[in-house]
Amino acid sequence: MDDNSIEVKGLYKIFGPHGEKYIKAVQDGMSKDELNAKHNHVLGLKDINIHMPSAKIQVIMGLSGSGKSTMIRHINRLIEPTAGEVIYQGNDICQMSKADLQEFRRHKTAMVFQKFALLPHRTVIDNTLFGIELQGIGRAECEEQARHWLKRVGLEGFEDNYPNQLSGGMQQRVGLARALTNDADILLMDEAFSALDPLIRMDMQSILLELQEELHKTIVFITHDLDEALRLGDRIAILRDGAVIQQGTGQEIVLNPADAYISDFVKEVNRGRVIQVDTVMTEKGKRSKTSVESGTSLENVAKMFSDTGENTAKVVDADGKAIGGITMKATINAMVTPATH
Amino acid sequence: MMGLKDVLPDVMTEFPEMGRADIRDFKKGIDGAFKDFVREYGELIEGFFYPLKIFLSWFERLLVATPWPLMIIIFAVLVWLGARSWVIVVGTILASLLIGYLGMWEDMMKTLALISVSTFVCIAVGIPIGILMSKSDRMQSIIVPILDFMQTIPAFVYLIPVMMLLGIGKAPGLIAVCIYAMPPVIRLTDLGIRLVDKDVLEAADAFGASPSQKMFRVQLPLALPNLFAGVNQTIMMALAMVVVASLIGAQGLGSNVLKAVNNQYLTLGIMNGSAIVAIAIVFDRVSQKFGKRLQKHSETVHG
């Protein structure tokens with residue numbers, strides 16, 4: 001399989017008419033406030049370095065104003081960087097010519113937007129095939145592809161409706177189907193589910209995870225919601241004021257928040273659902289009769305203990321080999337220990 | 001009593017005009033230069049507009065030569081296609097029958113030919129200008145004052161150079177109508193394109209749309225309702241202009257009104273004026289209904 005990882009290196013973005021003039025000063029440590037006060041320019045992104053792994057979901061999390069939407073727009077260069085590189089398959093996207101960039105956007109990336117950004121004058125099916133239509137593919141094939149993906153996101157029968165005849169959740173399904181129909185290796189999702197009701201959001205997350213199991217795209221997912229980040233993200237990078245303050249797996253962030261800001265976030269998280277048994281297992285209980293699979297969440301381990309009445313269990317890998325043990329005490333401990341910092 | 005005038009120095013009470021002779025020379029100079037220009041390039045310019053003149057004459061002859069019952073059927077079908085409303089279709093048929101019965105059929109055909117061709121020219125020239133204007137702020141800042149000028153300068157003023165260049169007849173009438181009627185379609189094309197949702201444009205960019213794909217598949221379709229409001233305005237203004245255009249030889253209902261003004265024929269004036277109003281109402285209703293139909297997609301909003 002192709003390597004579809006994305007490497008963001010030393011990315012800076014300064015908003016304002018002469019951003020490039022102040023890049024040196026910012027690299028030498030000028031702060032966002034100073035830049036704004038002295039030169040009336042806004043520091044959008046500051047020295048971003050993220051390796052987004054191939055065929056995984058990379059979540060970029062941050063509150064509004066943290067620069068996360070600016071960040072994702074550098075991957076398909078909807079925003080021009082002030083300095084830095086975004087490397088994909090050996091090419092720096094920031095250096096591409098106009099024509100190359102257009103080809104890259106057509107074939108390698110697809111994007112889902114917070115506000116859906118559907119074309120109101122086109123029907124659902126015509127919206128869905130918008131991306132491949134731009135590639136110059138014949139109408140019949142476009143329609144076939146579009147119908148396939150509309151079916152996959154559960155919109156069969158709505159092909160001839162107009163977007164504003166649909167609910168928000170359904171509109172975003174169209175947005176997702178449009179992106180999937182493009183058959184690109186990179187899927188960019190800019191707060192794609194943030195505008196939806198909580199239940200519908202959960203629903204869409206499930207659809208995305210289900211699809212990802214077979215599609216293995218490199219997904220860059222922007223969110224301001226830590227629960228969403230933890231549910232979807234294979235890796236998470238947390239942005240604040242345009243800089244990455246921590247990155248790692250969800251577990252790593254929950255267990256070792258890098259600073260008070262992040263531990264504030266993490267406090268509210270359901271730890272039992274995020275932390276996996278592998279993280280807290282020891283040698284103790286390795287020879288128990290009951291077993292749990294590696295990768296099980298603590299919540300499910302606790303449920304198993306309460307269902308079976310056992311106090312210890314062995315942790316087994318995919319081949320059924322014991323790789324460690326877990327006790328009820330350790331499980332509960334890990335689930336309730338507050339993240340201190 | 002001593003007025004303010006007696007106290008102030010002369011230069012404050014008498015406007016320091018350019019000398020009378022200088023003004024005369026100034027006017028003469030410009031007139032002369034323009035006359036030279038006409039002598040030099042008049043034929044070229046006339047040649048440029050010649051196809052338009054031929055087309056207008058041909059279209060006018062076609063409308064006049066078509067038997068009136070067939071013409072009324074064509075009207076009815078066109079109105080139905082545009083408006084999908086029986087009320088407007090019936091209204092159109094009754095109005096044309098009445099106009100014909102009152103002896104204005106041929107003049108109505110001439111006016112319709114003038115309006116149709118000038119609207120066509122306005123659209124064909126105006127929409128590309130509007131597109132150009134929407135693409136660059138600089139272009140907009142150049143074109144907007146020109147449009148303001150075209151719309152506010154009294155029509156009689158530009159009749160003079162048009163007449164000097166092209167003489168009296170159909171083509172100069174057409175040009176005069178177009179100068180007056182073109183601005184709305186340009187303005188509203190520009191406005192419509194500029195009002196297209198930024199999010200949608202970003203999506204088009206993200207999927208790799210080329211500038212022309214973006215224009216023809218996203219911007220223009222979404223600008224269509226505004227653009228159509230512009231076309232509607234253009235038609236209305238063209239109709240308002242037919243009387244003025246008759247001053248330099250455009251024929252039809254407008255020239256009858258002019259004749260009525262010159263001779264104080266009250267009934268002739270009212271009859272022809274009313275016929276123009278009837279045409280205006282039909283055009284307006286049909287184009288508005290058509291414009292609404294273009295926005296069908298935004299009618300049913302999910303609650």
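Throughout, a chain's letter reflects where its sequence line sits, starting with A, and its residues are numbered from 1.
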Cut-off 4.5 Å, heavy atoms of chain B, and the answer for A/Leu118 is backbone
So, the part of A/Phe130 with a heavy atom under 4.5 Å from chain B: the answer is side chain
Give a yes or no on this: more than 12 heavy atoms of other residues, nucleotides or ligands lie within 6.0 Å of atom CD of A/Gln89. yes
When the 4.5 angstrom heavy-atom criterion is applied to A/Arg122 and chain B, the contacting part is side chain
Whatever's closer than 4.5 Å to a heavy atom in chain B on A/Gln114 counts as neither
Neighbour count >12 (heavy atoms, 6.0 Å) for atom NZ, A/Lys115: no
Any chance CE of B/Met150 has more than 12 other-residue heavy atoms, nucleotides or ligands included, within less than 6.0 Å? yes
Contact list (residues 186-209 of chain B to chain A, heavy-atom gap under 4.5 Å, by number) returns B/Asp199, B/Val200, B/Glu202, B/Ala203, B/Ala204, B/Asp205, B/Ala206, B/Phe207, B/Gly208, B/Ala209
So OG of B/Ser210 and CZ of A/Arg106: to nearest 0.5 Å the spacing works out to 5.5 Å
Item to complete: Give a yes or no answer on whether the side chain of A/His121 reaches the backbone of B/Val218 with a donor-acceptor pair at less than 3.5 Å.
Response: no
### Task
Step through the shown structure and confirm whether more than 12 heavy atoms of other residues, nucleotides or ligands are within 6.0 Å of CZ on B/Phe120.
no
(message) More than 12 heavy atoms of other residues, nucleotides or ligands under 6.0 Å from NZ of A/Lys217: yes or no?
(response) yes
CG (A/Leu199) with more than 12 external heavy atoms under 6.0 Å = no
Within 6.0 angstrom of A/Glu156 CD, more than 12 heavy atoms from elsewhere: no
The reported gap from CG in A/Leu134 to CZ in B/Arg217 (rounded to nearest 0.5 angstrom) is 6.0 Å
